[in-house]
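One structure is given here, and the rest of the page talks about it.
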Amino acid sequence: MKAVALTILLAVSGIPILAGVGITLVEAADPAAWSTLLHFPGIGRSVALSVWTGAAGTVLALVLAHLTVALAGTSTWARRVEALALPVIALPHLALGIGLALLLSPSGLLLRALSPWATGLHRPPDWLLVQDPLGLSLVLGLAVKEAPFLILMLVGARAQVPVTRLMLQSRSLGYGRLKAWWVSVAPLLQRQIRLPLAAAIVFGVTNVEMAIPLGPVSPPPFAVVLWQWFTTSRLELRGAAFAGSILLVVVAIGTLAVAMSALRLARRVHSHYAASGRRGRSSTSIARTLAILPGLVLALASGAVAALVCRGLSPMWRFPAVLPEAIDASLIERSAPSLGAALGTTLALGGITVVLAVGLSLWVAESLSRDSLWRRRVGVVLFAPLLLPQMAFLFGFQWLVVRLGIDGTWWAVGWEHALFALPYAWGIVAGARSALDSRLVVTARTLGAGLLRAWWAVVVPLLSRSVLLAGAIAFSVSVALYLPTLFAGAGRVATVATEAASAASSGNLRVAAVHGAAQAIAPLIALGVAMLTGQSLFRNRQGVPR
Amino acid sequence: MQSFRSHWLLLLLSIGACGISDAQAATPSQDAWQEVERNARGTTVYFNAWAGDEAINRYIAWAEREVSRRYGVTLVHVKVADIAEAVTRVLAERAAGRTSQGSIDLLWINGENFSALRRAGLLYGPWADQVPNAQLIDTKGNPTTIVDFTVATEGYELAWGSARFTMFYDSATVGEPPRTPATLLGWIRGHQGRFTYPRPPDFLGTSFIKQLLLVLMPDPSRLASPVGPDFEAVTRPLWDWLDAAHPGMWRRGRLFPASGPAQRELLAVGEVDWALAFNPLEALRAISNHELPATVRATTFAGGALANSHFLAIPFNARSRDGALVVANFLLSPEAQAYKADGAIWGDPTVLNLDALAPADRRRFSPAAGIPILPSEHLLTEPDASWSAALVQAWLGRYGVQ
Amino acid sequence: MTALRLKDVSVSLNGQMMFAPLTLSAEPGVVTSVIGPSGAGKSSLLAHLAGALPEELCAHGEVRLGEQRLDDLPPEERRLGILFQDDLLFPHLSVAGNLAFGMHRRSEGRSDRRRAIAEALESVGLAGFEARDPATLSGGQRSRVALLRVLLSEPRALLLDEPFGRLDTETRADTRRWVFDEVRRRCLPTVLVTHDQDDVTAAAGPVVKLQPGVKA
């Protein structure tokens with residue numbers, strides 16, 4: 001059974017990656033493609049932009065995350081912060097990106113809320129705020145999106161670090177609150193989150209979902225250039241696009257290497273600083289002032305969702321109106337059919353993804369429950385889609401499903417969605433399964449329960465909270481996927497993500513906002529349902545793992 | 001009758017069945033079409049079409065219902081953000097060796113997408129003349145229906161609608177619109193940040209610089225032949241104009257909207273006073289849908305409006321070729337064309353020759369469809385296709401990296 | 001009840017025997033103690049008897065209950081009760097739910113089962129504890145519930161894996177006495193592995209010492 005489970009899991013995840021990478025390597029083997037790539041105007045700037053925005057966004061997110069976790073201090077507060085971070089994590093990148101653009105641009109929600117009473121503006125000012133040439137708005141967007149993810153990882157890492165004792169010790173030595181955290185706890189937490197940090201950097205360098213609405217255009221970040229080449233009718237650029245995918249992988253790995261050595265350097269500097277002996281007593285009051293920063297991240301994310309809703313409700317969002325004077329019924333009538341169909345497809349695909357990703361993870365985790373070596377190997381393979389730029393293997397996946405004759409079917413799209421949801425589902429489910437005392441299963445069996453009953457009556461209930469969380473996350477991943485849905489679905493599987501993206505890229509922001517809002521809200525509901533169900537299940541059983 | 005006979009003659013030539021007289025050819029071909037309709041019944045046609053405009057999506061949804069009712073063909077609108085996505089898909093299918101049973105049956109296409117697919121041998125054809133309603137197309141009055149950006153269509157695509165380059169402006173702020181490059185430049189300099197155009201290689205943005213070049217050149221006839229070494233000299237006036245205008249534009253010419261609809265969004269929220277389109281009735285419809293202020297008006301350059309057509313094409317590996325033919329024929333019917341030309345529905349001008357229609361069919365078209373609503377009816381034909389690519393390349397070289 | 005018989009039983013890891021082949025007969029109503037230093041393979045031996053040997057370990061020899069060969073049966077068909085050092089109550093079930101888990105679903109109806117549980121709880125001084133969350137019980141109470149759970153599943157033999165190690169000194173003596181009394185009363189063949197000399201003394205049965213193994 002173990003062999004069967006492993007084969008299926010690795011086939012689901014490994015074959016598409018191999019096919020994708022293989023096709024990319026074959027297509028990029030043409031020297032002319034590399035020449036086109038390297039001589040394209042502005043390509044150096046594009047690459048530099050990708051590195052800069054990805055690295056700066058992640059560093060900013062990392063600092064914010066450490067600060068938030070430090071300010072949260074106690075584990076009760078950490079759990080509250082975690083509960084606030086989860087909804088932002090569940091927000092799809094594209095929806096957040098469009099929403100931030102609608103919030104922060106000169107005609108955006110923020111300036112509308114202040115106009116004309118505070119600013120005196122009756123027309124939007126001609127300020128280059130969003131899509132600025134330096135990519136600052138993209139850096140901000142990435143930080144808002146990645147900080148909650150890193151916060152979640154840091155809160156998780158607290159379990160491995162004796163936070164309370166370390167803090168007590170440092171503060172009794174006279175260190176201020178923030179300084180105490182910074183010298184004693186932060187370095188230990190940092191060591192725990194290296195892999196998630198690497199994934200965040202790779203995402204920052206290679207994403208298109210946030211770079212399209214927020215990134216510069218003259219030239220755009222490198223990943224956006226590649227996306228344009230992959231979807232252009234200028235066929236002479238296709239070879240260059242494949243060559244570019246390889247370059248993107250190299251750039252991402254390079255950024256990663258530099259970032260990791262920078263972290264090592266920072267650790268050395270940090271230890272000098274920690275040994276300086278200055279107590280930083282004022283840091284306790286500084287901490288109170290800085291508490292505004294995590295609040296700002298949350299405010300930006302909620303403002304983005306609000307902007308999506310406002311824009312979606314107004315046929316013509318005339319500055320400085322925040323909402324339309326009257327909501328036009330024909331507007332809803334016009335949006336409803338396409339939104340309804342897309343939402344139906346999205347929910348169904350989300351359901352398929354949850355069943356595939358969580359079901360497979362549960363099954364394989366069960367059959368590997370006594371084999372930690374293979375558990376680690378499986379984790380590495382499943383993680384690959386997150387560490388490889390999507391661009392590098394999506395075309396190959398498309399080739400594969402066309403070869404199998406399943407392109408444009410829900411099978412193909414569900415498969416691809418499962419591919420991207422599996423690393424998260426596996427991480428949560430396998431982690432919880434290996435933390436489960438295997439003697440509980442032995443006890444159940446010796447009490448007369450068969451394999452199936454022991455699993456169903458003991459393992460599943462004890463994992464139920466993790467399973468619910470994994471399901472909510474898998475669902476969020478599925479709802480957020482744009483490029484994979486487009487490629488595997490042959491354009492025929494229309495989800496709120498593809499509708500939002502096609503409306504956004506053709507400039508129809510109202511329709512984009514309607515679908516973006518649906519895309520943002522669906523995972524929030526799933527997450528809410530999962531958390532509430534998880535809390536109400538076994539409410540009177542303190543011993544059930546949280 | 002003359003056009004009917006020449007039409008079938010063309011068909012015969014194109015399929016290489018020379019030597020058969022007109023009279024003999026007509027009957028089997030009618031039979032052939034009936035057979036096409038029979039084969040099409042029960043098939044599903046995947047129509048890949050740009051879906052950035054809700055009005056167009058609703059029109060296609062109407063067509064879906066009609067072809068299902070009349071011909072038993074299930075038409076499915078595959079919504080794409082850019083038709084190049086569909087081009088990518090056809091390529092992926094050929095790479096995977098799928099020479100039949102492709103995922104796309106019908107494409108909405110023109111310009112460089114057509115020439116790219118045609119050059120790569122990815123289109124089925126020639127087929128346009130096999131479609132009975134094709135004979136109603138006004139190929140004489142509107143040559144853009146058979147020459148797509150100076151590339152002869154040769155029956156590999158079928159004209160579906162026609163277009164002319166139009167500019168929208170908010171009359172509340174602009175007043176009387178400037179209609180020459182010189183007066184437009186003056187307006188831009190006097191109204192900081194209120195004018196822009198989509199960033200080439202966007203279709204509309206590219207059209208804007210072509211339109212500008214056509215009206216800036218003393219003698220635009222040079223553009224009818226391919227780009228030569230005189231490119232710099234020929235295009236000099238265009239770059240001078242843009243260099244002068246960009247600092248007065250939206251975001252000082254450092255940022256451009258991604259597409260025509262993106263710019264319309266800027267007009268709708270009030271960031272700019274202008275938008276560009278290829279459809280003179282688009283503004284009218286947007287106003288009636290409360291998507292643009294009621295003060296928005298349309299205009300063209302006094303020197304003439306760039307005109308072209310958009311087309312339907314069938315990929316080489318389409319699964320439901322007969323179904324696609326039936327759908328294309330329906331979309332060219334006077335009824336479907338009249339519905340499409342209705343300003344309240346889509347407002348896309350027809351490609352049919354109204355004078356040649358039966359009186360009953362002609363009456364379907366509202367008077368507005370045939371009456372010029374723009375100050376200028378002077379139409380300018382597209383430059384040779386090579387100019388598009390060269391202009392985009394030069395634009396990107398000058399303004400693409402800042 | 002019939003005896004639990006081991007013949008030349010051993011467990012090996014990568015071809016290395018953890019202890020020398022063991023032959024013993026655990027008689028009904030008698031607690032047979034197996035002793036040896038930590039790491040000698042005591043727990044692995046019990047895991048093998050229960051049918052839950054980790055995959056990387058390999059078992060040798062024969063295990064019989066009376067005439068029935070047990071080695072190739074899945075754990076649920078061996079019907080051997082096992083008690084670990086931790087009580088391992090299922091945290092998601094109530095006390096009654098834990099007790100009912102191992103009860104056979106033969107003819108008795110729901111009310112009979114409920115009555116049996118109530119009686120069992122009463123017999124150990126836990127009357128009315130049915131609906132309690134196991135996490136709210138004291139250590140001694142939890143071990144009593146754990147043993148009740150095993151006994152209610154009507155095992156044919158009992159395996160004890162240092163079951164008193166986690167209890168404080170006072171509770172330990174009481175619990176131990178009570179467990180051993182139950183074993184004798186029900187005439188269960190019982191194997192106890194331990195390194196606590198007090199356990200061995202209290203068991204007052206045969207003692208077997210695990211000898212270091214050799215290359216298989």
Side-chain angles (χ1 to χ4, degrees), chain A residues 1-6 364-376 432-468 533-546, chain C residues 43 46-57 70 73-95 97-106 131-137 142 146 148-159 161 163:
Chain A
M1 186 184 102
K2 186 168 108 182
V4 178
L6 266 179
V364 179
E366 193 60 34
S367 61
L368 297 183
S369 62
R370 284 185 277 167
D371 193 337
S372 59
L373 179 65
W374 267 101
R375 266 207 310 277
R376 260 200 310 281
R433 179 61 183 90
S434 64
L436 192 73
D437 193 333
S438 60
R439 293 174 309 165
L440 279 168
V441 182
V442 173
T443 305
R445 299 281 309 266
T446 58
L447 286 171
L451 204 60
L452 210 60
R453 182 169 169 233
W455 182 73
W456 181 245
V458 175
V459 176
V460 172
L462 291 178
L463 296 185
S464 56
R465 285 186 181 139
S466 305
V467 166
L468 282 167
T533 318
Q535 266 166 25
S536 64
L537 277 180
F538 310 121
R539 185 194 311 232
N540 302 317
R541 300 281 175 263
Q542 296 169 18
V544 176
R546 248 139 240 283
Chain C
S43 291
L46 278 204
H48 171 47
L49 297 184
L53 204 60
E55 276 173 26
E56 61 271 25
L57 298 182
L70 292 186
L73 289 179
E76 63 271 21
E77 287 171 26
R78 300 189 183 194
R79 293 186 51 209
L80 305 177
I82 187 164
L83 277 180
F84 292 100
Q85 193 170 39
D86 299 291
D87 52 74
L88 294 168
L89 296 179
F90 301 130
H92 60 296
L93 299 177
S94 64
V95 168
N98 268 282
L99 294 182
F101 190 95
M103 289 172 74
H104 292 279
R105 301 186 180 186
R106 274 171 307 187
R132 288 280 291 271
D133 177 359
T136 64
L137 304 185
R142 291 167 64 93
L148 278 187
R149 180 173 66 175
V150 169
L151 294 178
L152 285 172
S153 73
E154 298 172 31
R156 301 185 292 179
L158 202 56
L159 309 172
D161 188 357

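Residue numbering restarts at 1 for every chain, and letters A, B, ... go by the order of the sequence lines.
- With a 4.5 angstrom heavy-atom cutoff, C/E56 touches chain A only via side-chain atoms.
- The shortest distance between side-chain heavy atoms of C/P155 and C/R78 does not fall below 4.5 Å.
- With a 4.5 angstrom heavy-atom cutoff, C/S94 touches chain A via backbone and side-chain atoms both.
- Closest approach of C/F90 to C/P134, counting heavy atoms only: O-CG, 3.9 Å.
- The closest side-chain heavy-atom distance from A/N540 to C/D133 is not below 4.5 Å.
- Your options are C/P74, C/S153, C/P75, and the one with the most heavy-atom pairs under 4.5 Å with chain A is C/P75.
- Counting all heavy atoms, side chain and backbone alike, A/F538 lies closest to A/R465 at O-NH2, 3.5 Å.
- Taking all atoms of both residues into account, the shortest heavy-atom contact from A/P461 to A/W456 is CD-O, 3.1 Å.
- Of the inter-residue distances, the one linking A/T443 atom OG1 with A/R445 atom CZ reads 11.5 Å to the nearest 0.5 angstrom.
- Residues A/L537 and A/V544 fail the side-chain proximity criterion, which asks for heavy atoms closer than 4.5 Å.
- Neither the backbone nor the side chain of A/A454 comes within contact range of chain C, judged by heavy atoms closer than 4.5 Å.
- For the options A/D437, A/L440, A/V442, heavy-atom pairs under 4.5 Å to chain C are most numerous at A/L440.
- Heavy-atom distances place no part of C/L49 under 4.5 Å from chain A, backbone and side chain included.
- Contact count versus chain A (heavy atoms, under 4.5 Å) is highest, among C/A135, C/G81, C/A146, for C/A135.
- Of the atoms belonging to C/L89, it is backbone heavy atoms, and not side-chain ones, that fall under 4.5 Å from chain A.
- Looking at C/L88, the atoms closer than 4.5 Å to chain A (heavy atoms on both sides) sit in the backbone and in the side chain alike.
- For the set C/V150, C/L152, C/L93, the entry with the most heavy-atom pairs within less than 4.5 Å of chain A is C/L93.
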